[in-house]
Asks: 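Take this structure, written in structure tokens, and hold onto it; I'll ask about it next.
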Amino acid sequence: MLTPSSKSSRNWKPAIEGILFTLAWLTLTNITIYFIYVRAVEAVKEQIREGLLRNVSAAATMIDGDQHQKFISKAFKNDQGYVSLINRLERVRKASSDVKYAYTNIIKDGKVYFIANGSPQGDNDKDGRPDEAPQLMDPYPDAGIALRDALRLQKPAVDREPYTDVWGTFYSAYAPFKDSSGKFVGTLGMDLELVTLKARLVPIGVAAQRAALTSDILAILFGAAVWFFRSRNRVLEVQRGLAIDQMSTVELERSQERCSSAIQLEAMATKIEHQASSTNVQTSSNQTKDYALALIRYARARQGIRSSGGENFDPVTLIKSSLPTHISIQVSPDLPPLVWGDSNELDLIIKSLCYSSSSSTILASLEEVNLTVINEQLNDIDLAVGIRYNDSISSQVSRAALIADRDHPEHVFDENSLQFGTCVELVRAIGGNLAHEQINENIEVVSLVLPFKKSKEI
């Protein structure tokens with residue numbers, strides 16, 4: 001029985017499942033969206049780095065290395081050649097989209113120096129005036145890794161991520177240039193403003209936000225759907241459980257009623273049998289006694305009372321000995337020579353189905369018996385018995401009705417039906433099952449499945 005606390009817990013379960021589903025959906029999709037966004041941003045950055053590197057490498061080929069290596073002191077800052085170099089760098093910078101600064105550097109005694117830088121400066125010190133550009137041979141102590149690599153390795157290099165120094169935050173790329181003899185002179189550097197990067201990242205960010213919003217809405221909707229259907233399913237489960245409990249209760253009551261009526265029937269039949277045994281009228285008392293004994297067998301089988309005996313026996317030999325030789329008996333080759341069980345029960349079942357209770361003679365309609373094995377397991381085996389009849393059943397109660405209805409009145413009031421009913425109850429008592437099939441108007445088959453143990457060593 002459910003307590004109020006357990007009922008409350010079960011009522012909350014669908015809501016908790018819906019919330020957990022929503023959280024799982026949000027976690028999975030948002031992590032996926034995040035990694036897609038990061039990969040898209042990295043792809044954009046890679047495109048910008050490659051474009052900047054191609055641009056600075058092309059521009060570096062226009063630097064006159066022979067002229068550049070002459071400018072080794074601040075005394076050349078007013079030299080016409082130096083001024084011409086600065087003007088040429090400024091034209092290169094203006095021709096390059098979003099390049100804030102273009103400048104050259106050299107490395108001397110392990111230190112990085114500026115050589116040419118004519119780019120207009122910003123107001124990074126916030127004094128209201130443009131800052132002074134780095135002058136000829138001014139040291140660059142904040143030189144980044146990409147610049148130092150380009151000077152040291154004499155190869156083009158670009159920042160992996162935007163680099164920040166006193167002049168701001170930029171993507172910077174550097175390319176070496178040489179003199180007429182092919183000797184390395186210095187590097188040309190270009191600082192790209194992040195306007196381009198930010199502009200290209202805006203649509204990616206918007207797309208990621210829309211995807212995340214859509215995912216959130218879907219997560220809430222599906223979470224609500226999970227909550228609704230799980231709640232509905234729990235209601236149906238409760239109703240189904242109540243129905244099963246009710247059916248079980250009804251079946252238990254019916255079983256108790258059948259058992260009670262069987263006990264009363266056994267008591268009544270026992271009393272009749274005692275009275276018949278004590279009477280002096282021999283013929284009628286014998287018939288009454290036989291009928292009373294048949295009722296007692298039926299009542300005990302209906303109660304599920306079985307003999308406790310068991311032995312190894314050959315079911316084929318038993319059945320053949322129970323039937324006349326002219327009856328066809330078909331035996332499967334898979335049938336074992338010995339099984340363990342109560343041979344008397346099998347004998348009684350076969351005779352109940354094949355003999356007339358009134359005359360104790362074989363039924364004229366009995367045509368054939370088939371024996372096969374089904375559901376063989378490690379220690380258990382099911383013996384399948386098929387009994388084929390060839391007669392018209394229009395004048396007698398159908399065996400199908402007697403099998404289907406355990407409370408059929410013919411089970412008690414008709415001797416043949418009483419014998420058949422005893423067989424049906426005995427089959428059920430040993431855990432087997434029995435079925436009926438009407439092949440055509442004249443031919444019918446009764447099929448039994450009887451459980452036995454495999455033969456035991458004694």
Asks: What is the distance from atom OH of Tyr389 to atom CG of Leu366, rounded to the nearest 0.5 Å?
Replies: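 Going from OH on Tyr389 over to CG on Leu366, the span is 6.0 Å.
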
Asks: Would you give the length of the straight line joining atom CD1 of Ile403 to atom CG of Asp405, rounded to the nearest 0.5 angstrom?
Replies: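 Output value for this atom pair is 11.5 Å.
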
Asks: With the side chain counted from C-beta on, respond yes when Phe313 and Leu338 share a heavy-atom pair under 4.5 Å apart, and no when they do not.
Replies: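 No, their side chains stay 4.5 Å or more apart.
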
Asks: Ignoring hydrogens and geometry beyond distance, is a side-chain donor-acceptor pair present between Asn390 and Ser365 at under 3.5 Å?
Replies: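 Result is no, nothing qualifies.
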
Asks: Are any of the side-chain nitrogens in Asp380 or Lys453 under 4.0 Å away from the carboxylate oxygens of its partner?
Replies: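 Looking at Asp380 and Lys453, the cut-off is met.
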
Asks: So, taking the atom named CD1 in Ile263 and the one named CD in Gln256, what distance separates them when rounded to the nearest 0.5 Å?
Replies: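 That separation rounds to 10.5 Å.
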
Asks: Taking C-beta and beyond as the side chain, do Asn312 and Val339 meet within less than 4.5 Å on heavy atoms?
Replies: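 Asn312 vs Val339: side chains apart.
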
Asks: Heavy-atom count check: over 12 atoms from other residues, nucleotides or ligands less than 6.0 Å from Glu251 CD?
Replies: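 Check passes, neighbour count above 12.
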
Asks: Taking side chain as C-beta onward, heavy atoms only, is Ile19 less than 4.5 Å from Trp227?
Replies: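 No; the side chains remain at least 4.5 Å from each other.
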
Asks: If you measure from the Lys or Arg side-chain nitrogens to the Asp or Glu carboxylate oxygens, is any gap between Glu425 and Arg258 under 4.0 Å?
Replies: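 No salt bridge links Glu425 with Arg258.
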
Asks: Can you tell whether the side chains of Glu311 and Lys456 come within less than 4.0 Å, N to carboxylate O?
Replies: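 Judged by the 4.0 Å cut-off on N to carboxylate O distance, Glu311 and Lys456 do not form a salt bridge.
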
Asks: If you measure from the Lys or Arg side-chain nitrogens to the Asp or Glu carboxylate oxygens, is any gap between Glu237 and Arg240 under 4.0 Å?
Replies: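 Salt bridge: no.
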
Asks: Is it the case that over 12 heavy atoms from other parts of the model lie below 6.0 angstrom from the NZ atom of Lys111?
Replies: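 Counting neighbours around NZ of Lys111, 12 or fewer heavy atoms of other residues, nucleotides or ligands fall under 6.0 Å, so no.
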
Asks: Is the shortest side-chain heavy-atom distance between Arg148 and Val112 below 4.5 Å?
Replies: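 Answer yes - side chains close enough.
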
Asks: Does a side chain donor of either Glu368 or Asn370 reach within less than 3.5 Å of an acceptor in the other side chain?
Replies: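 Result is yes, a qualifying pair exists.
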
Asks: State which residues pass side chain to side chain donor-acceptor pair (under 3.5 Å) with Asp66; sequence neighbours excluded, sorted by chain then number.
Replies: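 Partners of Asp66 by the side chain to side chain donor-acceptor pair (under 3.5 Å) criterion, ordered by chain and then number, come out as Ser180.
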
Asks: Where do Phe114 and Tyr103 land on the ring pair (Phe, Tyr, Trp, His ring centres under 6.0 Å) test, with the steps shown first?
Replies: CA-CA 7 Å; Phe114 285 102; Tyr103 48 90; 5.7 Å; yes

Asks: From Asp79 CG over to Lys77 NZ, what is the distance, rounded to the nearest 0.5 angstrom?
Replies: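 NZ of Lys77 is found 13.0 Å from CG of Asp79.
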
Asks: Looking at every heavy atom in both Ser215 and Leu26, which two are closest together, and how far apart are they?
Replies: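 That closest heavy-atom pairing would be O-CD2, 4.2 Å.
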
Asks: Where do Ala429 and Ala301 come nearest, in terms of heavy atoms and distance?
Replies: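 Where Ala429 meets Ala301 most closely, the heavy atoms are CB-O, 4.1 Å.
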
Asks: Could you report the tightest heavy-atom contact between Gly223 and Thr22, atom names first, then the distance?
Replies: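 Gly223 and Thr22 have their closest heavy atoms at CA-OG1, 3.2 Å.
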
Asks: Would you check if the distance from the ring center of Phe170 to the ring center of Tyr101 is below 6.0 Å?
Replies: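 Yes - the distance between ring centres of Phe170 and Tyr101 falls below the 6.0 Å cut-off.
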
Asks: Would a 4.5 Å heavy-atom cut-off, applied to side chains only, mark Leu353 and Phe420 as touching?
Replies: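 Yes; the side chains approach each other to less than 4.5 Å.
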
Asks: So, Ser322 and Asp347: side-chain donor and acceptor under 3.5 Å apart, yes or no?
Replies: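 Yes, Asp347 and Ser322 have a side-chain donor paired with an acceptor closer than 3.5 Å.
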
Asks: Give a yes or no on whether a salt bridge exists between Glu161 and Lys45, defined as a side-chain N under 4.0 angstrom from a carboxylate O.
Replies: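 The answer is yes: the pair qualifies as a salt bridge.
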
Asks: Quick one: closest heavy-atom pair of Pro315 and Pro337, and the distance?
Replies: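 Closest approach of Pro315 to Pro337: CD-O, 4.1 Å.
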
Asks: Going by distance alone, is a donor N or O of one side chain under 3.5 Å from an acceptor N or O of the other, for Thr372 and Ser332?
Replies: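 No, Ser332 and Thr372 have no side-chain donor paired with an acceptor closer than 3.5 Å.
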
Asks: Tell me whether the rings of Trp25 and Phe21 are parallel (<30°), tilted (30 to 60°) or perpendicular (>60°).
Replies: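 Trp25 vs Phe21 ring planes: tilted.
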
Asks: What pair of heavy atoms forms the shortest contact from Pro156 to Leu53, and how long is it?
Replies: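 The answer is CB-CD1, 3.9 Å.
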
Asks: Does some side-chain heavy atom of Ile115 sit less than 4.5 Å from a side-chain heavy atom of Asn105?
Replies: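 They are not in side-chain contact.
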
Asks: A side-chain contact here means heavy atoms from C-beta on lying under 4.5 Å apart; do Thr422 and Arg302 qualify?
Replies: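 Answer no - side chains too far apart.
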
Asks: Please step through salt bridge (charged side-chain N to carboxylate O under 4.0 Å, His left out) for the pair Glu444 and Arg388, ending with a clear verdict.
Replies: CA-CA 6 Å; Glu444 58 178 330; Arg388 183 185 181 96; over 6 Å; no

Asks: Met190 versus Val56: any side-chain heavy-atom pair under 4.5 Å?
Replies: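 SC-SC contact between Met190 and Val56 confirmed.
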
Asks: Atom CG of Leu371 and atom CD of Gln330: how far apart are they, to the nearest 0.5 Å?
Replies: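 Those atoms lie 9.5 Å apart.
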
Asks: Under 3.5 Å, is there a donor on one side chain and an acceptor on the other for Asp165 and Tyr140?
Replies: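 A donor-acceptor contact under 3.5 Å links the two side chains.
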
Asks: Do the charged groups of Arg39 and Glu46 touch, with an N to O distance under 4.0 Å?
Replies: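 Looking at Arg39 and Glu46, the cut-off is not met.
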
Asks: Report yes if the distance between the aromatic ring centroids of Tyr82 and Phe76 is under 6.0 Å, otherwise no.
Replies: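 No, ring centres 6.0 Å or more apart.
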
Asks: Once rounded to the nearest 0.5 Å, what's the spacing between atom CZ of Arg88 and atom CZ of Arg93?
Replies: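 Between Arg88 CZ and Arg93 CZ, I get 16.0 Å after rounding to 0.5 Å.
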
